[in-house]
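Working notes, beginning with the structure itself.
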Amino acid sequence: MSNAIDLAAPLPAPSDFIRDLVAQHVAEGRYSRIHTRFPPEPNGYLHIGHAKSICLNFGIAREFGGVCNLRMDDTNPTKEEVEYVESIQRDVDWLIAGWADTKLGLKRKGAAPATQSVNGKHDFHLAPVLKTDLGPQALELSEPFFASDYFVQIHAYAVRLIEKGLAFVCDMTPEQTDEFRRTGQASPFRNRPVAENLDLFARMKAGVFPDGTRVLRAKIDVAAPNIWLRDPLLYRIRHAEHHHTGAQWCIYPMYDFAHCLSDYLEGITHSICTLEFEVHRPLYDWILESLDLPRALPHQYEFAKLIPSHMIVSKRKLIALVEAGLVSGWDDPRLPTLSGIRRRGVTPEALRAFAIGVGVTKFVSVTDIALYEHAIREDLNKRALRRLAVLRPIKVIITNYPVGQTEELDATNNPEDETAGKRKVPFSRELFIERDDFAEVPPPKYFRLKPGGEVRLKYAFIIKCDEVVKDAAGHVVELRCTADLDSRTGGANAARKIKGTIHWVSAAHAFDAEVRLYDRLFTEAEPEADGRDYKATLNPRSLEVVSAKLEPSLMQATPAARYQFERLGYFCVDVPGNGKPETQNPKLVFNRTLTLKDTWAKEAQRS
RNA sequence: UGCCCGAUGGUGUAAUGGUAGCACAACAGUCUCUGAAUCUGUUUGUCAUGGUUCGAAUCCAUGUCGGGCAACCA
């Protein structure tokens, strides 16, 4: 029987308070179809925190036979850019590929909400299309949803609110508005007649007023305990070019007004967001309920966002790290951005396992990065091809092995997956082994190579260290060893019990390549705890670049594969986040995703 | 300060009035031609005080601690 690994094997269906609610709604038949959405603002790159949200929203769509729309929440023209729209699409596609891509709700390029009549009421609706609906040209025919595609409809809703006497144009300055809202006072413009409001709002739209001079406000309750009900702003004037709508508009809806309506227009049933929007929920409901809408209304549910230890996730600080040159860019493999994570060699399966595994609650907590690293190791252990590589070489001469002789030894590609087969590795008289695998003065319990000691070379012979050759400065430059020539795998002495087995490469056959050894970016679990500057807790050894000696088969390394350099860690071929090489003639560069667990390092540190 | 939300081992979570369970981490052992993986075992928990109940992590009250909101950001 083959033990071929099934990396797409479904994880047990998660359960949490939101899914419980959705299940209940399904049982009640409350909606004809469950419909979620993932609504990033295109003003930065997606990061590990978004991965949790993506997995939650797409996971629900998956588990309940629903759809999850990708929507750009782009109502602030001064902050958003096309570059981010593209990176967001790329990252979402990467994370859900083969898992929930058939649940991804997109729209036909250029499509806008349709006007329709439901139960005699005027209504707008924009249904999703799935890649499977679009066929082979899905990519060219579709695009994500954009809140900015609904500006016409959102504007119409604003007009309707004015007509109902539930919104008014306010002429106060931003400072006055803040003051009045804080102290619970009514705006002097609150009771403007509907006709005047309509006229003023039309002129706002026409561009006759400068930025900041007027806003449209909801008329709710100036003294409500919840600030968000104290006549919140619905529209502001912004004479700015928008990345998606160009110069078409000079008034833009605020988040609270646009978001609930976007959800409604798309037929969203469960609008899932993070805890900080909890206090906005009454406003979300007020807007939708005030509009007298004919279809089922969406509802908002909140969960605690992911806060991983040893990382920084805030967009602003991520930008600062990039701009200060402390990392190489948005896709630096040390960053928790999805493009950085991808470049680091983490697979979507591993990220998903982690993002789903942490669960969904309303409890704010810091998730130990060990949980993340465990998910990565578990995934990579199953899939990685084993290879021999020496990061910090020291020369070994097998004195009793004939000069000029080479033999090809069998090596297992993946002990976790016998279908991965075997390969040949060349052995010869001169080898490299890891500097750490030799100790002239060995610490207690050291069972690697030491003067007069024996160690097994993986897949090859047992060798004994006869002589330590040093340079003038006293540094060890070469080890002269003899091999037990009968101890080769399959040989007469193969069964000899030797405590230590080390990796090696043949000096004549190995090739040199750059290997980037990445480690945690921060040394502290909470880089900013106690109000300290996160720059002070940067790990000075988060990146070390070495020129390593690699077994020849790695010359054919591919970006899609994952490798385990035996006894060292998991590595991948470096591919920048945008898919384009750093230079015109890229050389082979390997990134370390993660080390193997290292009990010995812990033991050695103890003594 | 006002309003809202939360609290289960070191960490993340489950138990939906009926045996506090799982994963990670740690530790000990097993196995090993990877000091990895595997396998076995161990340690550690219901924020506090009252109340309701035959029975409370769960319901109620009060307190404590933590978080969020109080942008013409999302």
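Values below: all heavy atoms of this structure, side chains included; hydrogens, waters and symmetry mates excluded. So you know, we letter chains A, B, ... as the sequences are listed, proteins then strands, and number each from 1.
A/K458 comes within 4.0 angstrom of a base, heavy atoms only. If you check every strand for non-hydrogen atoms under 4.0 Å, A/Y252 touches nothing. Residue A/G212 is classed as a base contact, given a heavy-atom separation below 4.0 Å to a base. Residue-level contact check: A/M204 touches neither bases nor backbone, having no heavy atom under 4.0 Å from any strand. Residue A/F17 is out of contact with every strand shown, counting any heavy-atom pair closer than 4.0 Å. If you check every strand for non-hydrogen atoms under 4.0 Å, A/T361 touches sugar and phosphate atoms only. Contact annotation for A/E378: no contact, since no heavy-atom pair falls under 4.0 Å across all strands. A/H503 comes within 4.0 angstrom of no nucleic acid atom, judged by non-hydrogen atoms across all strands. Using a 4.0 Å heavy-atom criterion, one finds that A/R377 contacts no nucleic acid atom at all. Counting non-hydrogen atoms under 4.0 angstrom, A/S309 reaches nothing in the nucleic acid. When heavy atoms are screened at a 4.0 angstrom cut-off, A/T595 is found touching no nucleic acid atom at all. Here A/Y235 lies out of heavy-atom contact (under 4.0 Å) with every strand. Residue A/F363 is in sugar-phosphate contact alone, with no base atom involved, counting any heavy-atom pair closer than 4.0 Å across all strands shown. No engagement by A/R230 is indicated, since no non-hydrogen atom pair under 4.0 Å with the nucleic acid exists.
Judged by a 6.0 Å distance limit and a 45° cone about the ring axis, A/R281 is not positioned over the six-membered ring of A/W228.
Between B/U43 and B/G29, the distance separating the two C1' atoms is 15 Å to the nearest Å. Taking the C1' atom of each, B/C65 and B/A48 are spaced 10 Å apart, rounded to whole Å. To the nearest whole angstrom, the two C1' atoms, one in B/A25 and one in B/G9, are 11 Å apart. Taking the C1' atom of each, B/G18 and B/A23 are spaced 26 Å apart, rounded to whole Å. Comparing B/U58 with B/U46, their P atoms are spaced 12 Å from each other, to the whole Å. B/A57 and B/A20 are spaced 8 Å apart, taking the C1' atom of each and rounding to whole Å. A distance of about 32 Å separates the C1' atoms of B/C3 and B/A15, rounded to the whole Å. For the C1' atom pair drawn from B/U44 and B/U11, the interatomic distance equals 12 Å after rounding to whole Å.
Aromatic ring centres of A/Y570 and A/F565: separated by at least 6.0 Å. Residues A/H244 and A/F146 place their aromatic rings such that the two centres sit under 6.0 Å apart. For an aromatic pair to be called close, the ring centres must be under 6.0 Å apart, and A/Y284 with A/F277 fails this.
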Inset, instruction - Return one dot-bracket line describing RNA chain B 5' to 3' (Watson-Crick or G-U wobble pairs, both distances under 3.5 Å; ( ) same strand, [ ] crossing, | another strand, . none). - result: (((((((..((((....[..)))).((((.........))))....(((((..]....))))))))))))....
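Mapping A/A304 and A/N226 onto RNA chain B by nearest heavy atom places A/N226 at the nucleotide closer to the 5' end. Mapped onto RNA chain B by nearest heavy atom, A/E278 and A/K315 fall at different nucleotides, with A/E278 at the one closer to the 5' end.
Between the side chains of A/H280 and A/D256, at least one donor N or O lies within less than 3.5 Å of an accepting N or O. When only modelled atom types and interatomic distance are considered, A/R37 and A/S271 share a side-chain donor-acceptor pair under 3.5 Å. If you check the side chains of A/T501 and A/K458, you find no donor sitting under 3.5 Å from an acceptor. No side-chain N or O of A/Y301 forms a donor-acceptor pair with one of A/E278 less than 3.5 Å apart.
The salt bridge (Lys or Arg N to Asp or Glu O under 4.0 Å) analysis of residues 218-240 of chain A, with sequence neighbours excluded, yields the pairs A/R190-A/D231.
Between A/H503 and the choices A/E551, A/E566, A/E434, the side-chain hydrogen bond (donor to acceptor under 3.5 Å, both in side chains) rule is met once, by A/E434.
A 4.0 Å heavy-atom criterion places the boundary nucleotides of RNA chain B facing chain A at B/C3 to B/A74, written 5' to 3'.
Proximity of a side-chain donor or acceptor of A/T36 to a complementary backbone N or O of A/N57 within less than 3.5 Å is detected.
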